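If you're wondering where the values come from, they're calculated on a predicted model, not measured in any experiment. Both ligands and their constituent atoms are indexed starting at 1 by order of listing.
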Amino acid sequence: MSLIRLHSFAEGHWFSGDGAGQILASAIDGAPVAEITAKGLDYAAMLRFARQKGGPALRRLTFHERASLLKAVAQALTARKEELYALSALTGATRADSWIDIDGGIGTLFVYASKGKRELPNETFLIDGAVEGLSKTGTFVGQHIYVPREGVALQINAYNFPVWGMLEKLGPSMLAGLPVIAKPASATAWLAEKAARIILESGVLPEGAFQFIAGSTGDLFEHLTSQDHVAFTGSLATSIALQAHPVILKNAVPFTAERDSLNCSILGPDAVPGTPEFDLFVKEVAKEIGVKAGQKCTAIRRIIVPEALSEAVASAISKRLASLAIGDPRVETTRMGPLASLAQRDDVRSQIARLRQDCEILHGDPDRLEIAGLDTEKGAFLSPVLLAARDAKTAERPHDTEAFGPVATLLPYRDLADAIDLARKGDGSLAGSLVTADARIAREVVFGAGAFHGRLLVLNAECAAESTGHGSPMPHLVHGGPGRAGGGEELGGIRAVHHQMQRVAVQGSPAFLTAITKSYVKGTPEPETPAHPFRLPFEDLVPGQSFHSPEREISLEDIEHFAHFTGDTFYAHMDEEAVKGHPFFPGRVAHGYLLLSFAAGLFVEPKRGPVLANYGLDNLRFLKPVSPGEAIRVRLTVKSKSPRNAAYGEVRWDVEIRTGSGETAATYELLTMNAYREAS
Ligand code: NAP
């Protein structure tokens with residue numbers, strides 16, 4: 001294979017870098033694969049380009065439109081993913097490892113595309129939480145909103161997941177409206193560069209929304225501003241150096257770090273040999289050691305097991321490791337390939353040597369591995385290594401040394417409190433797991449060690465078949481952990497989008513807040529409503545427009561009729577004796593659902609019109625019981641609207657049911673789909 005000259009993509013053009021570059025080698029046999037240098041890149045110009053072109057273009061789009069871009073990017077990558085698989089093997093990844101990286105990355109984009117459409121409004125900003133009343137008469141209120149930041153998302157990735165790492169960061173940033181500059185780790189950059197080419201060749205993204213650096217970041221940090229955002233994944237040492245950059249500190253540039261993590265897995269004391277949980281634990285630990293040759297930020301490094309079971313666990317894990325098919329990752333039967341580079345193997349060997357200050361090796365020889373037909377010195381092959389702490393109580397190295405390879409250490413514990421103590425010693429982890437069939441143990445561990453973890457998997461026989469496993473970050477759940485893990489918070493569904501936007505608390509009058517947020521705030525003078533709002537097409541509806549119903553009295557017969565008709569003959573509606581002395585009800589009262597039904601009867605405009613369907617209620621509260629003989633009336637107000645497609649959009653209505661004496665009996669938000677004029 002001829003040497004690939006890697007290119008950066010800057011200011012709308014591919015750039016090959018000046019002069020000779022660093023040669024990157026195949027993990028399998030050390031043969032040169034690619035050459036990389038970013039020398040000559042104008043980093044300040046890249047940032048300018050992103051800020052002047054990409055940012056404004058993305059910010060003009062709504063969340064739904066940005067979500068569609070992500071979906072199109074994911075589709076483009078899917079169509080050409082075999083090109084990625086072919087290059088991935090040279091990083092040492094087996095087909096299964098590559099699946100996590102490539103399909104996992106693409107899947108993450110699809111999830112963000114779908115969440116963007118389903119969970120975000122078709123808008124360019126977000127409303128955060130409820131309106132806060134700040135004055136006695138309600139003329140001064142506050143509302144938090146999220147607005148897009150006006151900078152660049154600089155995303156620096158680790159070498160181990162060149163595709164997933166880039167895509168899991170790109171998804172939330174683009175959804176938040178930030179243009180991206182991605183910088184992969186050099187060691188496996190040929191794969192990231194191919195993914196970047198596919199993204200750019202798809203032509204889906206607006207100009208300046210995505211740029212790519214093959215090589216170093218040069219003086220880029222010098223040009224960062226407070227509107228930018230840095231997301232870093234990599235080692236503790238690099239993160240400390242970058243996070244302490246004077247420009248990051250001076251300009252308070254938000255900096256998210258995902259770094260080393262000494263993740264643990266705990267075997268519950270109940271999970272003795274012969275139980276399904278014991279087998280699950282052994283399988284999960286051995287799997288985590290072998291997948292990606294242990295080069296996973298979430299891999300299990302510390303295996304915390306009851307003292308009495310430690311020998312049984314050690315021998316079961318060793319047995320599995322002994323049968324692990326290690327070899328050329330391109331061969332279908334191979335289960336574990338080499339590390340990504342010889343430098344990485346050197347690093348892992350030196351970390352194992354450090355671990356050995358406190359531990360002994362139970363399985364594997366870090367210095368020698370023979371595989372028929374392969375030169376295991378030229379390729380970055382390494383045996384899986386299982387260590388055990390000589391004295392788990394005093395051993396320190398397992399809690400401060402990350403061997404980023406197929407390496408894990410057994411730590412026996414005396415009782416559950418001891419196990420929790422050991423788990424906490426990692427000083428902050430991305431992911432921990434517990435395997436137990438006892439919910440009480442699960443509770444104790446989750447609350448005992450939860451503060452030290454970003455994610456906790458509680459595994460038992462019930463969820464095992466469908467469990468995504470200890471090591472898989474899910475786009476729906478937070479990826480990141482406290483302390484040593486970096487304090488980062490990537491993914492976690494829409495949380496990651498919030499994270500990259502600016503939250504602003506806006507204070508002012510209700511009318512102004514309605515105008516700013518396009519969402520009705522109580523106290524806003526009612527705009528003219530030319531007809532019943534159910535008769536108005538989607539585009540004519542204005543937040544605040546209202547319909548005020550006439551009154552309807554609720555009789556005892558109504559309550560009884562409703563009770564028998566629906567079958568809801570709960571005593572509070574039917575039995576005057578039984579309800580005596582009740583803390584909430586003065587006597588028999590109307591059903592809450594009766595109020596809702598009568599309310600609909602009072603506000604509905606029955607003829608066919610723009611309202612296509614009612615599809616739910618939010619935030620329903622029954623605030624005051626309504627007794628027989630009392631009347632109710634309803635106010636139906638347009639709260640906000642969000643276009644869905646060319647034919648219709650979603651309308652959120654603020655509904656208040658009041659009693660004849662003016663007290664609020666119930667409030668809720670009604671959701672309908674309303675047609676545009678043309679379609680109605
Ligand atoms: P690394 O050596 O720290 O490099 C990480 C990234 O930082 C690379 O892109 C690297 O680029 C870049 N970099 C290094 N020095 C830089 C500088 N002075 N200025 C700007 N960028 C710089 O880490 P790695 O060896 O790639 O990755 C392994 C580590 O990552 C492990 O410790 C692992 O635990 C951690 N990791 C964490 C997560 C997580 O989500 N928490 C995920 C994966 C990996 P070059 O390669 O070009 O130097």
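Arg80 and Glu201 are joined by a salt bridge, as a carboxylate oxygen and a charged side-chain nitrogen come within less than 4.0 angstrom of each other.
Around ligand 1, the residues contributing at least one heavy atom under 4.0 Å from the ligand are Ile156, Asn157, Ala158, Tyr159, Asn160, Lys183, Pro184, Ala185, Ser186, Thr217, Phe232, Thr233, Gly234, Ser235, Thr238, Leu242, Glu258, Arg259, Asp260, Cys297, Glu402, Phe404, Leu430, His479.
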Please set out all donor-acceptor pairs under 3.5 angstrom arising from side-chain atoms of residues 16-31, sequence neighbours excluded.
unit_1, atom_1, unit_2, atom_2, d
Ser26, OG, Ile28, N, 3.0
Ser26, OG, Asp29, OD1, 3.3
Asp29, OD1, Ala31, N, 3.0

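Residues Thr108 and Glu168 bring no donor and acceptor atom of their side chains to less than 3.5 Å of each other.
Residue pairs meeting the ring pair (Phe, Tyr, Trp, His ring centres under 6.0 Å) criterion with at least one partner in residues 226-250, sequence neighbours excluded, are Phe221-His245. Sorted by first and then second residue, the salt bridge (Lys or Arg N to Asp or Glu O under 4.0 Å) pairs with a member in residues 85-114 read Lys81-Asp103, Glu82-Arg95; sequence neighbours excluded.
With respect to Leu154, the side chain to side chain contact (heavy atoms under 4.5 Å, CB included) criterion is satisfied by exactly one of Asp228, Val180, Leu220, Leu47: Leu220.
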